Protein chains: 2
Amino acid sequence: MMANARKSRRPTLADVAQRVGVSAKTVSRVLNEDGPVSESTRVKVLAAVEELGFQPNLMARNMRMGTRDSTVGLIVPEVGNPFFGALAGGVEGAVRGHGLTLLMAASEEDEQQEHTLVTAFLARRISGLLVVPAAGSNHRYLRRERDSGLPLVFVDRPATGLSADAVVSANEEGARTGVAHLAAHGHRRIAFIGDRPATLYTRKMRQRGYESALEAAGIPYDPSLVVSAHDPYTAGVAVRRLLDSPTPPTAVFTANNVASLGVLPALAEAGRRDVALVGFDDLPLAGVLQPGLTVVAQDPAAIGRAAAEQALARLRGERGAARTVTVTVRLVERGSGELPPPKAQP
Amino acid sequence: MMANARKSRRPTLADVAQRVGVSAKTVSRVLNEDGPVSESTRVKVLAAVEELGFQPNLMARNMRMGTRDSTVGLIVPEVGNPFFGALAGGVEGAVRGHGLTLLMAASEEDEQQEHTLVTAFLARRISGLLVVPAAGSNHRYLRRERDSGLPLVFVDRPATGLSADAVVSANEEGARTGVAHLAAHGHRRIAFIGDRPATLYTRKMRQRGYESALEAAGIPYDPSLVVSAHDPYTAGVAVRRLLDSPTPPTAVFTANNVASLGVLPALAEAGRRDVALVGFDDLPLAGVLQPGLTVVAQDPAAIGRAAAEQALARLRGERGAARTVTVTVRLVERGSGELPPPKAQP
DNA sequence: TTGTAGGCGTTATCAC
DNA sequence: GTGATAACGCCTACAA
């Protein structure tokens, strides 16, 4: 009744060969269109391959040929996060045309887990490794890999303890632009709602941009206007507290989309249509809001693409010092960032 | 100057063994905590491993042990799409704890490419295969794989030409609920904006739900209210045309998030706050809109998780007939779906 | 045009 | 405790 396929192991080159009455090498030749093969055996071999459902074993092939596995590893903090998902899409698209496949895993922002994943990836002899470093992780241990020529690119955040290729957004410049935009519209009390932990690379860079925009506008830095949040809820709570303070901000700069997703509902519920807002990172319905959400838009797919291309370049044999590519961001004015402060000067 | 690491191939078990003055098998024993090893050699071996930067070659190991590659392949139409990204996140999370890694590629909704990717995945001897079928693809050719025990799960859309495990959303029921919701609020002209091609599984199921809700409400089916769109722009155009018609709808049901993303701006630009709207698929800022967007929310991460778990169960040896898991959806009322028709009956 | 020997890096087996 | 040998499935090198 039941097919006896269960027990039987998969057919190998030898099985096909035996079935046809030729040597394994001949089958190999047919399949790889290698040396010359008579048309008659070619046909018979292909028939047997079809009949037995033979599929070449890539692991054996790679091993024999000494080639690396045709995958590119990508480690991100969170696979489900839309930002990293779009980034992964950029990597996959860039890599697929080169016969490479994306191998992806989540570090959950845990340096230990990141290390474990990296090790597992190296064990499978991947062709390239892209890492969005977990907060606090150190990459000294990858020195040997980098030196041995493994394409190694850090994405969104640079490596720590190791000089290596990296692709990042124009974080500081973008934040500076966004905050300067608010200042240009007359705001002098501008809150900054950033990532937690505050030591996170992107958080630091964006805060630096915030501070430099304030300075350029001649606005004194007020630490009470700078808060941290790691999820929408705490961001919402934080912004309410700020608005309820004796000296509230008239504008808010959210340093990432998580913060924006918390601040927007908080403002809506509080009925505060008067507070100006610029967010780092674009969001799907940003243009449909009333007013539209002004953002400093990153291009996660472009970041992924750039990282993949850097890895491919190294794979091609390009040598030279570690290179950091900065992907531009752009200010998208939609209304929320152009609101004037309540008591505009006459 | 330059390290001579470039040329030297990676150290193997034999290299480590030679360095210590033991056999390869002993090193293997130490690393796998296999047979008994004296403490002194254990220490020496580990030191050599460290020093040489030895990393076991998984390909060789798998080959020798006859085990499959510790990866689970996932093929989606588009990696960058937030829906599939979240789905992939569910898969990755479910699979990671089992020592499996996610291998992901995009079919770009092309059956040919899907086939190519499947073949490539099978060649690397993956432990399980999850596929979101491209529109129009046929899966008869996977019959042998399924029979040989490879965990094979179709996700979001069922297989064609093959009876196999599948995980899908409650598409028909969800659409029926959403449309019934509009009908319950007094609407009798309800437009349906669905996927293109109209033969797509999810599109068909959702339209079926739409039609059955109409029937239950005693509303005649009007084909002029049913349109297709594959991107936000065409969806926006379609809805405008509908609203400008002599007998316009008073409510719209968007059968996927792409349609919602096109219809929402179109309504906003037209200043049509009176048109009721229910969308299939949730969106990040849906609750911040004025009015909030009422949706039939899918749970893509849960779909991915369920698919991965089904594959893991098969991997554990669970036999039995193909099984289809339906993941529930839920209606989230936020305002847009509760708007009454303009001329409400007294 | 086709076949044989050997080895890629690892582990199972069985001996010492 | 430890080691020699063979084998996993494939391809390179060389021979026939």
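Each chain gets a letter, A, B and so on, in the order its sequence line appears, and its residues count up from 1. Not measured: the values here are computed from a predicted model.
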- Query: To the nearest 10 degrees, what angle separates the axes at the start and end of the helix from C:dT1-D:dA16 to C:dC16-D:dG1, five pairs each?
  - Reply: 40°
[X]: which residues meet the side-chain hydrogen bond (donor to acceptor under 3.5 Å, both in side chains) condition with it, sequence neighbours left out?
X: B:Arg29; answer: none
X: B:Gln18; answer: none
X: B:Asn57; answer: none

- Item | N/O (side chain, A:Ser38) to phosphate O (OP1/OP2, C:dT2) under 4.0 Å | yes
Using the salt bridge (charged side-chain N to carboxylate O under 4.0 Å, His left out) rule, collect all pairs that involve [range], keeping only residues at least two apart or in two chains.
range: residues 17-26 of chain B; value: B:Arg19-B:Glu51, B:Lys25-B:Asp34
range: residues 58-75 of chain A; value: A:Asp69-B:Arg124
range: residues 102-116 of chain B; value: A:Arg96-B:Glu108, B:Glu109-B:Arg157

Applying side-chain contact (heavy atoms from CB on, under 4.5 Å), name anything that partners [X], two or more places apart in sequence or on another chain.
X: B:Glu39; value: B:Arg42, B:Val43
X: B:Ala47; value: none
X: A:Glu318; value: A:Ala313, A:Arg316

- Paired with B:Asp165, the salt bridge (charged side-chain N to carboxylate O under 4.0 Å, His left out) test is passed by just one of B:Arg319, B:Arg323, B:Arg314, namely B:Arg314
- Under a 4.0 Å heavy-atom criterion, the protein footprint on nucleotides 8-16 of chain C, written with B, S and -, is BBBBB----
- With a 4.0 Å cut-off (strictly under) to non-hydrogen atoms of chain A, the first and last hit nts on DNA chain D, 5' to 3', are D:dG9 to D:dT12
